[in-house]
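Input: a single structure, listed below in structure tokens.
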Amino acid sequence: MSHLRLGVNIDHVATIRNARGGAYPDPIRAAIVAQEAGADGITAHLREDRRHIIDQDIAHLIGAIALPLNMEMAATEEMLAIALKHRPHAACIVPERREEVTTEGGLNAAGQHNHLQPLITRLKDAGIRVSLFIEPDPRQIEAALSLGAPVVEFHTGRYAHSEGEERAVELRRIADAAALAAKNGIEPHAGHGLTFDNVQPIAAIPQIAELNIGHFLIGEAIFEGLGPVVQRMRGLMDEARG
Ligand code: PXP
């Protein structure tokens, strides 16, 4: 089975920094530690309200890390301009509502074709690998296909926050969606709410090429240190894959 990439989302290092408005803890330093500990990529979400990652972080990350940067962004002209200026390796289009605590659901790619199409085309023309953060739903995969997105990232929030039979159903939905995406030539990724306890069934889905994980890793890093936590997540993913 192919190597499953781990993208470490460093947003919440910036959340802690911004609580005091100073310079530390530095998300760039976190990205470098994650890189040394075995991350395959760094993910950062530049939100419209700049509640964690700020514009300068994107510029600094591009300069400081050797790993590919996956910039999560809302489908707005402002974010498009920033992505085109910095040219991250990948741009993951996420839905964004200012008042939400986190990205609560997937993008409605099926319902926003005309809005998304020009934005996706401009990102692709700039050589940026476009990903759409969607629910594991065949309608959304069809929409991603018609929009020409090379990658989809499945929202694993519902899986992560459910238990028992409900979680089993959700896992099946993600596995089926990953198979459908791959069959149609779209590379499936997954993320949101993944932890040491729930990552392995998702990591075992053979078509999934990348997991993006943030909040849990940064929280655990308080107790164990970021390097060891990234290493342990990497180990669990490899074990599930092997
Ligand atoms: N993938 C996407 C597209 C996200 O928006 C987020 C949350 O910012 C994540 C992955 C990571 O989720 P978590 O922080 O819950 O691990």
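Just so you know, residue 1 is the first one in the sequence shown, and it goes up from there. Start at 1 and go down the list; that is how both ligands and their atoms are numbered.
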Q. Hey, which atoms in ligand 1 end up nearer than 4.0 Å to a heavy atom of I213?
A. 16 (O)
Q: Would you tell me whether T43 and N9 have side-chain atoms, one donor and one acceptor, within less than 3.5 Å of each other?
A: no
Q.
Evaluate G193 for polar contact with ligand 1, using N/O atom pairs at a separation under 3.5 Å.
A. yes
**Q.** Heavy-atom gap F133 to ligand 1 smaller than 4.0 Å
**A.** yes
Q: Please identify which atoms of ligand 1 are closer than 4.0 Å to at least one heavy atom of V94.
A: 3 (C)
**Q.** Pair H155-E153, side-chain donor/acceptor within less than 3.5 Å
**A.** no
Q | Steps toward ring pair (Phe, Tyr, Trp, His ring centres under 6.0 Å) verdict (F154, Y159) | A | CA-CA 10 Å; F154 295 124; Y159 160 82; over 10 Å; no
Q: Would you kindly say whether N212 and E210 are connected by a side-chain donor-acceptor distance under 3.5 Å?
A: yes
Q) Going by the order shown, which atoms of ligand 1 are within less than 4.0 Å of some heavy atom of H215? A) 13 (P), 14 (O), 16 (O)
Q.
At less than 4.0 angstrom from any non-hydrogen atom of N212, what atoms of ligand 1 do you find?
A. 10 (C), 11 (C)
Q | Options H155, M73, E72, ranked by nearest heavy atom to atom 2 (C) of ligand 1, top entry | A | E72
**Q.** Short side-chain donor-acceptor distance under 3.5 Å, Q140 and N108
**A.** yes
Q) Under 4.0 Å from any heavy atom of H192, which atoms of ligand 1 are there? A) 6 (C), 7 (C), 10 (C), 12 (O), 15 (O)
(Q) Distance under 4.0 Å to a non-hydrogen atom of N9: what atoms of ligand 1 satisfy this? (A) 8 (O)
Q: Over all heavy atoms of both residues, which pair between D57 and I28 is shortest? Give the atoms and the distance, please.
A: O-CD1, 3.8 Å
Q | Contact atoms of ligand 1, heavy-atom distance to G214 under 4.0 Å | A | 13 (P), 14 (O), 16 (O)
Q.
We want to know whether H215 and D11 form a side-chain donor-acceptor pair, criterion being a heavy-atom distance below 3.5 angstrom.
A. no
